[in-house]
There are 2 protein chains.
Amino acid sequence: MAAKLTNSRKTPCELCPLRPLPHFREFTSEELDFVSDFKKGELTVDPGAIVLLEGARSAHLYTVLSGWAFRYKTLLDGRRQILNYVMPGDLVGLQGSITGEMQHSVEALSTVTLCVFERTQLHTLFSRYPSLAYDITWIAAREERILDEHLLSIGRRTAIERAAYLLAFLAQRAKALRMVEGRVVLPITQQHVADTLGLSIVHTNKTLKKLADRGAIVWRDRSCDVLDEEALKAVSGWEGLEEKSRPFI
Amino acid sequence: MAAKLTNSRKTPCELCPLRPLPHFREFTSEELDFVSDFKKGELTVDPGAIVLLEGARSAHLYTVLSGWAFRYKTLLDGRRQILNYVMPGDLVGLQGSITGEMQHSVEALSTVTLCVFERTQLHTLFSRYPSLAYDITWIAAREERILDEHLLSIGRRTAIERAAYLLAFLAQRAKALRMVEGRVVLPITQQHVADTLGLSIVHTNKTLKKLADRGAIVWRDRSCDVLDEEALKAVSGWEGLEEKSRPFI
DNA sequence: CGCGGATTTGAGCGACGTCAAGGAGCGTGG
DNA sequence: CCACGCTCCTTGACGTCGCTCAAATCCGCG
């Protein structure tokens, strides 16, 4: 089964595993009450499952509770571009909620659990909880900033710079979310990297090999171990995104 | 003089030239009053002027009233990537207002007039006018959607497809805003196109020549006349963004 | 063991970059 | 009016980064 909706066994927001992380901001108890009410259930999907499909008009909006996914678009002939990766605390489907129809798809990389919200209640949130509304705008502005960086990367960096940037970026996010045990392991294939960087899979492989030869990464078991994040940042010339504490819903 | 602040001679929001356009949504009179109060003055800059600089902490937030500009980022060695174009009704500096520091720069293409808002009042807007707060989120989500399209384009389209997409995109936006007299004229140089598409200027020139040979465009006088928007859409395989009525502040 | 997906590697090619030079248009100063 | 210097556009020659085609290997899974 690809998707499972567990209305009954939902994690109460008071016990949200993300909330204690220093990466995320605190909630007031009022906000927490509202979000808890806003949350309608949980959805768990298997790796490879499509969470949202381009063109769909979903009644829902999600926050990722655990797991990895990615957003992508495709051209008519099948060429695929991965736009960004989706990780715990990220809002999924906001674009669809606001413009009516999803303009991109979302696919799970690992088993993913999502908090389910109802699109129709978004207006209530804006009316009654301005601080949460501001948080949503904050999250949207952050996504925009990340897309800006990706655009710079794909448009103007060389293959090896792009690859190094992407892996450093993912490693940094994973570390901030404590999604790592000791070493950082990214659950992606080289095909994902290729589709993110706008490169062919063959050239991606050769480029990643160069990074591996330098000891920055190891590719193993359909995933990438990041051994030397600083080396990746040096190769790409990327400074990293400094984020102290960020909101989530 | 590159910039001129005219606090005295500001266009009252009741007489905003954008408001009557079918492209934009209506305001209630209460919203209009607030926005009018929110607006602190107007800023007019000359072509080529930097409106906002990466790294700056501006106390202001702007809406474009007239003219063309673009957002961009640069790498340390000077490689430049244009992220998107800024046109009337667009919000400028929201990212800076929310994350503290601008992560990209904005430069004027033509003479640009901007409505000036104060960043500190953004919280008041969220508290007191949820509908405007929602509009701001709407605008942010729209920008995200456009960046998604650009990313797909740069990552996966060929040079001629990318060029055709970009020009069709700009032509469509210009037409929706009635920034055209008869034919669509885009006030950009080939260097701007190159920096948007992630191509060299030489290859951009050769690519644009192909589009000109097909009769889709004419390059003239530091600007691009779009003669056949449908041809551009056909070449790029881009469907266009359907937008009925959109909000602005 | 066989199969399919992921990774790896080599060979050849083509899209796009770099270098270089020239022309057109425009503003400035003589 | 003309010379100049500047930016932008154009074009050719040539190099290279990244793509396609092709084949081999590895691995988990049924």
Side-chain angles (χ1 to χ4, degrees), chain A residues 46-49 70 75 77-82 107 109-110 153-167 185-213 217-225 235-236, chain B residues 46-49 70 75 77-82 107-110 153-164 166-167 185-213 217-225 235-236:
Chain A
D46 291 336
F70 61 92
L75 295 174
D77 62 5
R79 283 175 282 179
R80 179 176 77 168
Q81 177 65 40
I82 294 182
E107 182 179 324
L109 281 168
S110 63
S153 200
I154 296 196
R156 289 304 183 198
R157 279 196 247 252
T158 64
I160 196 166
E161 288 170 346
R162 281 184 227 183
Y165 158 72
L166 174 64
L167 299 176
V185 180
L186 310 173
I188 53 177
T189 68
Q190 297 190 0
Q191 184 69 63
H192 292 120
V193 175
D195 286 348
T196 310
L197 303 182
L199 298 171
S200 73
I201 177 130
V202 174
H203 196 67
T204 298
N205 177 274
K206 290 170 183 171
T207 303
L208 290 172
K209 187 164 189 326
K210 287 183 192 167
L211 291 175
D213 288 346
I217 60 168
V218 171
W219 212 275
R220 192 173 52 76
D221 194 24
R222 283 156 215 237
S223 58
C224 175
D225 291 15
V235 169
S236 63
Chain B
D46 291 336
F70 62 92
L75 294 174
D77 61 7
R79 282 174 282 179
R80 179 175 77 168
Q81 177 65 39
I82 295 181
E107 183 179 324
L109 281 169
S110 64
S153 201
I154 297 197
R156 288 303 182 199
R157 280 195 246 252
T158 64
I160 196 166
E161 289 169 347
R162 281 183 229 184
L166 174 64
L167 299 175
V185 180
L186 310 174
I188 52 176
T189 68
Q190 297 191 359
Q191 184 69 64
H192 293 119
V193 176
D195 286 348
T196 311
L197 303 183
L199 298 172
S200 73
I201 178 134
V202 173
H203 196 67
T204 298
N205 177 273
K206 289 169 184 170
T207 303
L208 290 172
K209 187 165 188 325
K210 287 184 194 168
L211 291 176
D213 288 345
I217 61 168
V218 171
W219 211 275
R220 191 174 54 74
D221 195 25
R222 282 153 216 241
S223 59
C224 175
D225 290 14
V235 169
S236 63

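The shown structure was predicted, so the numbers you read here are calculated from the model rather than taken from an experiment.
For Leu75(A) against Arg157(B), the heavy-atom pair with the smallest separation is CD2-NH1, 3.4 Å. The nearest pair of heavy atoms linking Gln81(A) to Thr196(A) is NE2-O, 2.9 Å. Contact record, Ala163(A) with Leu211(A): CB-CD1, 3.9 Å, taken as the closest heavy-atom pair.
We find the CG-CD1 distance between Leu109(A) and Ile188(A) to be 7.5 Å, quoted to the nearest 0.5 Å. The distance from atom CD1 of Ile217(B) to atom NZ of Lys209(B), rounded to the nearest 0.5 Å, is 11.0 Å. Atom CG of residue Leu199(B) and atom CG of residue Asn205(B) lie 11.5 Å apart, to the nearest 0.5 angstrom.
Between the axis at the start and the axis at the end of the helix from dC1(C)-dG30(D) to dG30(C)-dC1(D) there is an angle of 30°, using five pairs per end and rounding to 10 degrees.
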- Given side chain to side chain contact (heavy atoms under 4.5 Å, CB included), test Glu107(A) with Ile82(A) step by step and report yes or no. CA-CA 10 Å; Glu107(A) 182 179 324; Ile82(A) 294 182; over 6 Å; no
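Nucleotide dA15(C) holds its C1' atom 13 Å from the CD atom of Glu161(B), rounded to whole Å. Counting to the nearest Å, the P atom of dT8(C) and the CZ atom of Arg220(A) are 13 Å from each other. For Leu208(B) and dC9(D), the CG to P distance is 9 Å, given to the nearest whole Å.
Checked options Leu167(B), Leu197(B), Val235(B), Thr204(B); the residue passing with Arg162(B) is Leu197(B) (criterion: side-chain contact (heavy atoms from CB on, under 4.5 Å)).
Within the structure, a side-chain polar atom (N or O) of Asn205(A) is placed less than 4.0 Å from OP1 or OP2 of dT8(C).
Near DNA chain C, meaning a heavy atom under 4.0 Å from it, residues 185-193 of chain B has no residue at all.
With a 4.5 Å cut-off on side-chain heavy atoms, Thr158(A) and Arg79(B) count as touching. In this structure, the side chains of His192(A) and Arg80(A) come closer than 4.5 Å at one or more pairs of heavy atoms.
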- Under 4.0 Å protein heavy-atom contacts per nucleotide of nucleotides 15-30 of chain D, with B for base, S for backbone only and - for none: ---BSBB---------
